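Please read the structure below before turning to the comments.
Predicted, not measured: the structure shown is a model, and the values here were computed from it.
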Amino acid sequence: MMASSPFMASQPSLAFTVTRQKPELVAPAEPTPREIKYLSDIDDQQGLRFQIPVIQFYRNEPSMSGKDPVQVIRQALAKALVFFYPFAGRLREGAGRKLMVDCTGEGVMFIEAEADATLQHFAIGGEVKPPFPCFDQLLYNVPGSAEILNCPLVLIQVTRLRCGGFIFALRLNHTIADAPGLVHFLNTIAEIARGAEAPTLQPVWQREFFSARNSPRITCTHYEYEEEPADSMVTNIPLDNLVHRSFFFGPTEISALRRTLPPHLRKCSTVEILTALMWRCRTIALGFDPDEEVRMLLLISARFKFKDTPVPSGYTGNAFAYPGAKTTAGKLRKNPLGYAVELVNSIKRCFSEEYMQSAVDLMVLKGRPLFHVAGSFIMSDLTRSKIPDVDYGWGKAVFGGPPHGGVGDAPGVITFHVPYENNKGENGTLVPICLPAFAMDKFVNELANTFMKAAL
């Protein structure tokens, strides 16, 4: 079944030239309040103090002939920032490492660009999908713009293509918003670009929703924030010679994996099954010693989860936790896939409103710590994020999502489930992976072995 394996080589480098105009600040189109707005106790944790990239590819749309996507988006962005005015401010840090937005109205950074390439140029093997080795050309890292404090909170580059299509690339300070918050911002730009005067859904700040209790207390087990043992033999993966690839899983692959599971696990979600698969294959590929502790951390959104105190509709901040499960590398390797699925399923079961509040309180009690890095793997499900559905007037994106796996200071630790339709018309999940070169071949082999066994 693996003759046309989706688990093949990464994309080659792409040769093209991008001509950029001087970066500019786009401020709100109208005067906005000058005030200080505090982030939540989830927002300002150390593990979210990084920039998160997103990219969207758009086809030429004949009905938009004569309209310049750069100008349309720049103008809509200025109007959208009237509603999302904190995004035009600058992040400051107060006592106890507490983060706040100084709503200065200075604006977000915007780059106008043009590439001597067409959309087809990015369709390797007929598909536009990560990794995009050219991403640094499609989102220029303006010197001095990538700091967390005292910098623009958003960087946008819109690149026209020769075919009449364009590429929208963005980098967001993650402390300000999660994926749904970002998509809300992008949809506001898109609605205004298509002629609306105001967003369908007004943004809601209300960051006090995720504030620590008056007497903060940790009431749950948080594997994700356990301190790294001083004598730990588990090392972070090396950051040199990293390789990026992405892997597509359609209905055939998911059905094959499901058949290998014991009956009580066969109704687990696709996300749970793929998360377990990736965790197991990655652990084997990295060659951890059998007794080394490894853990899976799964981003779980609190939106629409809690009936008693629901997250406000339109809330733009980070509204998730990443509870985890842990085991040893040896157990993960010697046991069948069902063992990993059971552990991932247990992560989902432990998440509750009390768990979320306990995580919030932990931030305050423990100084807003970084998540446990050594031996950890973090998975974020973007399959319902609707990043590809954002329509600036040129229709839905050909691809919308992260440009590669791995973000932040630990690029090989975090990855995503991305909704994707392959060139056969199959809807499935794309998972971009970032690993050291020595581990990537082992990872691919382990995936192939898993599917060979599933086919027996």
- Verdict with supporting geometry, F110 and V70, side chain to side chain contact (heavy atoms under 4.5 Å, CB included): CA-CA 10 Å; F110 185 89; V70 173; 3.9 Å; yes
- Message: Evaluate R282 against F443 for side chain to side chain contact (heavy atoms under 4.5 Å, CB included), listing each step before the verdict.
- Response: CA-CA 6 Å; R282 177 183 181 273; F443 181 86; 4.0 Å; yes
- Query: Which is it for F166 and V158 under the side chain to side chain contact (heavy atoms under 4.5 Å, CB included) test, yes or no, and what are the steps along the way?
  - Reply: CA-CA 7 Å; F166 66 94; V158 181; 4.0 Å; yes
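Judged by distance alone, with hydrogens and angles left aside, the side-chain atoms of D44 form no donor-acceptor pair with the main-chain N or O of L39 at under 3.5 Å. With H184 contributing its side chain and L201 its backbone, the two residues share a donor-acceptor pair below 3.5 Å. Of the possible polar contacts, none joining the H417 side chain to the T383 backbone as a donor-acceptor pair under 3.5 Å is found. Not a single donor-acceptor pair under 3.5 Å links the side chain of R171 to the backbone N or O of L153. Remark: the backbone N or O of Q137 is paired with a side-chain donor or acceptor of Q157 at under 3.5 angstrom. D391 places a side-chain N or O within 3.5 Å of a backbone atom of W394 that can act as its donor or acceptor partner. Side-chain N or O atoms of Q56 include one that pairs as donor or acceptor with a backbone N or O of I387 at under 3.5 Å. In this structure a side-chain-to-backbone donor-acceptor pair under 3.5 Å is missing from H222 to Y322. Distance alone, capped at 3.5 Å, places no donor-acceptor pair between the T275 side chain and the E272 backbone.
Side-chain contact check for I273 versus F249: every heavy-atom pair is 4.5 Å or farther apart. Counting only heavy atoms from C-beta outward, the side chains of I433 and M440 approach each other to under 4.5 Å. Under the 4.5 Å side-chain criterion, counting only non-hydrogen atoms from C-beta, M356 is in contact with F210.
Between F351 and Y355, the two ring planes are tilted [angle within 30° to 60°]. Ring orientation note: the planes of Y392 and F168 are close to parallel, at an angle under 30° on the 30°/60° scale. Ring planes of F320 and H174: tilted class, angle from 30 to 60°.
Scored by the salt bridge (charged side-chain N to carboxylate O under 4.0 Å, His left out) test, D41 finds K98, R368 as partners (sequence neighbours excluded). Not counting sequence neighbours, the partners of K79 by the side chain to side chain contact (heavy atoms under 4.5 Å, CB included) test are A29, I192. By the side chain to side chain contact (heavy atoms under 4.5 Å, CB included) test, E208 pairs with Q206, S211, sequence neighbours left out. Take D102 and apply the salt bridge (charged side-chain N to carboxylate O under 4.0 Å, His left out) test, not counting sequence neighbours, and it matches R34, R92.
The only option from R97, R207, R49 that meets the salt bridge (Lys or Arg N to Asp or Glu O under 4.0 Å) definition with D43 turns out to be R207. Shown are F135, F399, F132, F16; of these, the ring-ring contact (aromatic ring centres under 6.0 Å, His included) with F122 is made only by F16.
Listed by first and then second residue, the salt bridge (charged side-chain N to carboxylate O under 4.0 Å, His left out) pairs involving residues 212-222 are R213-E354, R213-D361 (not counting sequence neighbours). Within the structure, side-chain hydrogen bond (donor to acceptor under 3.5 Å, both in side chains) contacts touching residues 185-198 (residues at least two apart or in different chains) are E191-T200.
Side chains of Y85 and E35: a donor-acceptor N/O pair is present below 3.5 angstrom, by distance only. Looking at R303 and S313, their side chains never bring a donor and an acceptor atom within 3.5 Å of each other.
Atoms CZ and CD, on R162 and Q120 in that order, are 12.0 Å from each other to the nearest 0.5 Å. The structure places CD of E112 at 5.0 Å from CZ of R74, a figure rounded to the nearest 0.5 Å.
Nearest heavy-atom pair across I42 and N318 is CG2-O, 3.8 Å.
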